[in-house]
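Worksheet: one structure, shown below.
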Amino acid sequence: MAGLEHILREHAFFAACPEDQIALVAGCARNHRFDPGQYLFREGDPANEFFLIRHGKVALEIASPAQSPIVISTLGEGEIVGASWLLPPYRWTSDARAVELVRAVGIDAACLRGKCEADHHLGYEMMKRFAPILVKRLNATRLQILNVYGKR
(Lines give C-alpha, C1' and ligand atoms only; values in the text may rest on other atoms or scores of the structure.)
Protein backbone atom coordinates (compact mmCIF):
# COMPACT_ATOMS: atom_id res chain seq x y z
CA MET A 1 0.00 0.00 0.00
CA ALA A 2 2.87 2.38 0.76
CA GLY A 3 4.03 2.04 -2.85
CA LEU A 4 0.58 2.98 -4.14
CA GLU A 5 0.40 5.95 -1.78
CA HIS A 6 3.70 7.16 -3.22
CA ILE A 7 2.43 6.69 -6.79
CA LEU A 8 -0.79 8.58 -6.02
CA ARG A 9 1.11 11.39 -4.32
CA GLU A 10 3.29 11.78 -7.43
CA HIS A 11 0.36 11.78 -9.90
CA ALA A 12 -0.77 15.22 -11.13
CA PHE A 13 -4.40 14.51 -10.21
CA PHE A 14 -3.49 14.36 -6.51
CA ALA A 15 -1.22 17.43 -6.45
CA ALA A 16 -1.51 19.16 -3.06
CA CYS A 17 -4.01 16.58 -1.83
CA PRO A 18 -3.95 16.11 1.95
CA GLU A 19 -1.94 13.05 3.03
CA ASP A 20 -4.81 11.51 4.97
CA GLN A 21 -6.99 11.61 1.85
CA ILE A 22 -4.28 10.03 -0.30
CA ALA A 23 -4.06 7.23 2.26
CA LEU A 24 -7.83 6.70 2.05
CA VAL A 25 -7.78 6.55 -1.76
CA ALA A 26 -4.76 4.23 -1.77
CA GLY A 27 -6.86 1.71 0.11
CA CYS A 28 -9.04 1.44 -3.02
CA ALA A 29 -6.15 1.31 -5.51
CA ARG A 30 -4.38 -1.40 -7.50
CA ASN A 31 -1.91 -1.48 -10.37
CA HIS A 32 -2.92 -2.35 -13.94
CA ARG A 33 -1.19 -3.07 -17.22
CA PHE A 34 -3.00 -2.88 -20.58
CA ASP A 35 -1.46 -4.06 -23.84
CA PRO A 36 -2.01 -2.12 -27.08
CA GLY A 37 -5.55 -2.69 -28.33
CA GLN A 38 -6.82 -3.89 -24.95
CA TYR A 39 -9.87 -2.11 -23.55
CA LEU A 40 -9.81 -0.53 -20.11
CA PHE A 41 -13.61 -0.41 -20.30
CA ARG A 42 -16.47 -0.62 -22.81
CA GLU A 43 -19.49 1.64 -23.30
CA GLY A 44 -22.49 0.46 -21.31
CA ASP A 45 -20.51 -1.69 -18.89
CA PRO A 46 -20.59 -0.90 -15.15
CA ALA A 47 -18.20 1.92 -14.22
CA ASN A 48 -16.49 0.04 -11.41
CA GLU A 49 -13.11 1.76 -11.56
CA PHE A 50 -11.31 4.82 -12.88
CA PHE A 51 -7.67 4.99 -13.92
CA LEU A 52 -4.69 7.25 -13.33
CA ILE A 53 -2.38 6.86 -16.31
CA ARG A 54 1.25 6.42 -15.31
CA HIS A 55 2.60 5.46 -18.73
CA GLY A 56 1.19 5.14 -22.24
CA LYS A 57 -1.78 6.45 -24.19
CA VAL A 58 -5.49 5.67 -24.05
CA ALA A 59 -8.06 6.54 -26.73
CA LEU A 60 -11.57 7.44 -25.61
CA GLU A 61 -13.86 6.25 -28.39
CA ILE A 62 -17.52 6.36 -29.30
CA ALA A 63 -18.97 3.57 -31.40
CA SER A 64 -20.43 4.78 -34.68
CA PRO A 65 -22.84 2.63 -36.71
CA ALA A 66 -21.30 1.36 -39.96
CA GLN A 67 -18.06 3.26 -39.30
CA SER A 68 -14.87 2.90 -37.34
CA PRO A 69 -15.08 4.15 -33.74
CA ILE A 70 -14.69 7.92 -33.38
CA VAL A 71 -11.77 8.89 -31.15
CA ILE A 72 -12.97 11.79 -29.02
CA SER A 73 -9.78 12.15 -27.00
CA THR A 74 -6.37 10.60 -26.48
CA LEU A 75 -5.09 10.70 -22.92
CA GLY A 76 -1.58 10.13 -21.62
CA GLU A 77 0.68 10.10 -18.61
CA GLY A 78 -0.58 12.17 -15.70
CA GLU A 79 -4.21 12.10 -16.87
CA ILE A 80 -7.35 10.39 -15.61
CA VAL A 81 -9.50 7.94 -17.58
CA GLY A 82 -13.11 7.58 -16.54
CA ALA A 83 -15.56 9.76 -14.66
CA SER A 84 -18.76 7.74 -15.07
CA TRP A 85 -18.14 6.18 -11.66
CA LEU A 86 -19.17 9.48 -10.03
CA LEU A 87 -22.89 9.54 -10.82
CA PRO A 88 -25.65 6.96 -11.24
CA PRO A 89 -26.28 4.84 -13.21
CA TYR A 90 -22.49 4.22 -12.99
CA ARG A 91 -22.16 3.04 -16.61
CA TRP A 92 -19.41 3.91 -19.09
CA THR A 93 -20.49 6.32 -21.84
CA SER A 94 -17.58 5.50 -24.15
CA ASP A 95 -14.89 2.91 -24.77
CA ALA A 96 -11.33 3.36 -23.50
CA ARG A 97 -8.68 1.50 -25.54
CA ALA A 98 -4.94 1.30 -24.91
CA VAL A 99 -3.17 2.77 -27.94
CA GLU A 100 0.20 1.62 -26.62
CA LEU A 101 1.33 -0.20 -23.51
CA VAL A 102 -0.44 1.44 -20.58
CA ARG A 103 0.49 1.25 -16.93
CA ALA A 104 -2.17 2.69 -14.67
CA VAL A 105 -3.48 2.73 -11.15
CA GLY A 106 -7.12 1.72 -10.95
CA ILE A 107 -9.28 3.11 -8.17
CA ASP A 108 -12.19 0.90 -7.16
CA ALA A 109 -15.30 3.05 -7.56
CA ALA A 110 -17.55 1.41 -4.98
CA CYS A 111 -14.75 1.52 -2.43
CA LEU A 112 -14.08 5.21 -3.07
CA ARG A 113 -17.78 6.16 -3.17
CA GLY A 114 -18.17 4.51 0.24
CA LYS A 115 -15.22 6.45 1.63
CA CYS A 116 -16.57 9.69 0.14
CA GLU A 117 -19.96 9.07 1.82
CA ALA A 118 -18.24 8.46 5.15
CA ASP A 119 -15.87 11.43 4.77
CA HIS A 120 -17.57 14.34 3.01
CA HIS A 121 -14.30 16.28 2.92
CA LEU A 122 -12.86 13.51 0.73
CA GLY A 123 -16.02 13.52 -1.42
CA TYR A 124 -15.79 17.27 -1.93
CA GLU A 125 -12.09 16.99 -2.76
CA MET A 126 -12.81 14.34 -5.41
CA MET A 127 -15.58 16.46 -6.95
CA LYS A 128 -13.30 19.54 -7.02
CA ARG A 129 -10.67 17.49 -8.83
CA PHE A 130 -13.03 15.82 -11.31
CA ALA A 131 -15.19 18.85 -12.20
CA PRO A 132 -12.45 20.68 -14.17
CA ILE A 133 -11.62 17.46 -16.03
CA LEU A 134 -15.26 16.99 -17.00
CA VAL A 135 -15.61 20.60 -18.18
CA LYS A 136 -12.36 20.40 -20.17
CA ARG A 137 -13.41 17.20 -21.92
CA LEU A 138 -16.90 18.50 -22.62
CA ASN A 139 -15.45 21.63 -24.21
CA ALA A 140 -12.93 19.61 -26.23
CA THR A 141 -15.71 17.35 -27.52
CA ARG A 142 -17.82 20.41 -28.38
CA LEU A 143 -14.96 21.92 -30.39
CA GLN A 144 -14.40 18.60 -32.13
CA ILE A 145 -18.09 18.44 -33.11
CA LEU A 146 -17.98 22.02 -34.39
CA ASN A 147 -14.94 21.12 -36.49
CA VAL A 148 -16.64 18.04 -37.93
CA TYR A 149 -19.88 19.79 -38.73
CA GLY A 150 -18.46 23.26 -39.39
CA LYS A 151 -18.40 22.90 -43.17
CA ARG A 152 -21.82 22.55 -44.73
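Atom set for the values below is all heavy atoms of this structure, side chains included, hydrogens, waters and symmetry mates excluded. Just so it is clear, the structure is predicted and the values come from calculations on it, not from any experiment.
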(message) Hydrophobic cluster membership, with links at side-chain heavy-atom distances under 4.5 Å among I/L/V/M/F/W/Y: are Ile80 and Leu134 in one?
(response) yes
(message) Are Met127 and Val25 linked, directly or through intermediate hydrophobic residues, by side-chain heavy-atom contacts shorter than 4.5 Å (ILVMFWY only)?
(response) yes
(message) I'd like to know whether CD of Glu19 has more than 12 heavy-atom contacts from other residues, nucleotides or ligands below 6.0 angstrom.
(response) yes
(request) Step through it carefully: locate the ring centre of Phe130, locate the ring centre of Phe50, and say whether they are under 6.0 Å apart. (result) yes
(message) How long is the straight-line distance from CG of Leu52 back to CD1 of Ile7, given to the nearest 0.5 Å?
(response) 10.0 Å
(request) State, yes or no, whether a side-chain contact exists between Lys115 and Cys28 at a heavy-atom distance under 4.5 Å. (result) yes
(request) Indicate if Val102 and Trp92 have the same hydrophobic cluster label, given that clusters are the connected sets of ILVMFWY residues with side-chain heavy-atom separations under 4.5 angstrom. (result) yes
(request) Could you check whether the rings of Phe51 and His32 sit parallel, tilted or perpendicular, using 30° and 60° as the cut-offs? (result) perpendicular
(message) Counting C-beta onward and ignoring hydrogens, is there a side-chain heavy-atom pair between Leu75 and Ile53 closer than 4.5 Å?
(response) yes
(request) Rounded to the nearest 0.5 Å, what's the gap from OG1 on Thr74 to CD on Glu79? Could you check? (result) 9.5 Å
(message) Quick check: Trp85 with Tyr90 (ring centres under 6.0 Å apart)?
(response) no
(request) Determine whether Arg30 and Glu49 make a side-chain contact, defined as any pair of heavy atoms from C-beta on separated by less than 4.5 Å. (result) yes
(request) Would you check, one step at a time, whether the test salt bridge (charged side-chain N to carboxylate O under 4.0 Å, His left out) holds for Arg54 with Glu77? (result) CA-CA 5 Å; Arg54 297 178 55 213; Glu77 185 176 324; over 6 Å; no
(message) In the structure I gave you, are the side-chain heavy atoms of Ile62 and Asp95 within less than 4.5 Å of one another anywhere?
(response) no
(request) Give the cluster check for Val81 versus Ile133: same hydrophobic cluster or not, with ILVMFWY residues linked at side-chain heavy-atom distances below 4.5 Å. (result) no
(message) In the structure I gave you, are the side-chain heavy atoms of Val71 and Leu60 within less than 4.5 Å of one another anywhere?
(response) no
(message) Is the shortest side-chain heavy-atom distance between Phe14 and Arg9 below 4.5 Å?
(response) no
(message) Contact between Arg91 and Pro46 at the side-chain level, heavy atoms closer than 4.5 Å - yes or no?
(response) yes
(message) Side chains of Asp35 and Gln38, heavy atoms from C-beta outward: is any pair under 4.5 Å?
(response) yes
(message) Could you measure the distance from the CG atom of Leu122 to the CG atom of Asp20? Nearest 0.5 Å is fine.
(response) 8.5 Å
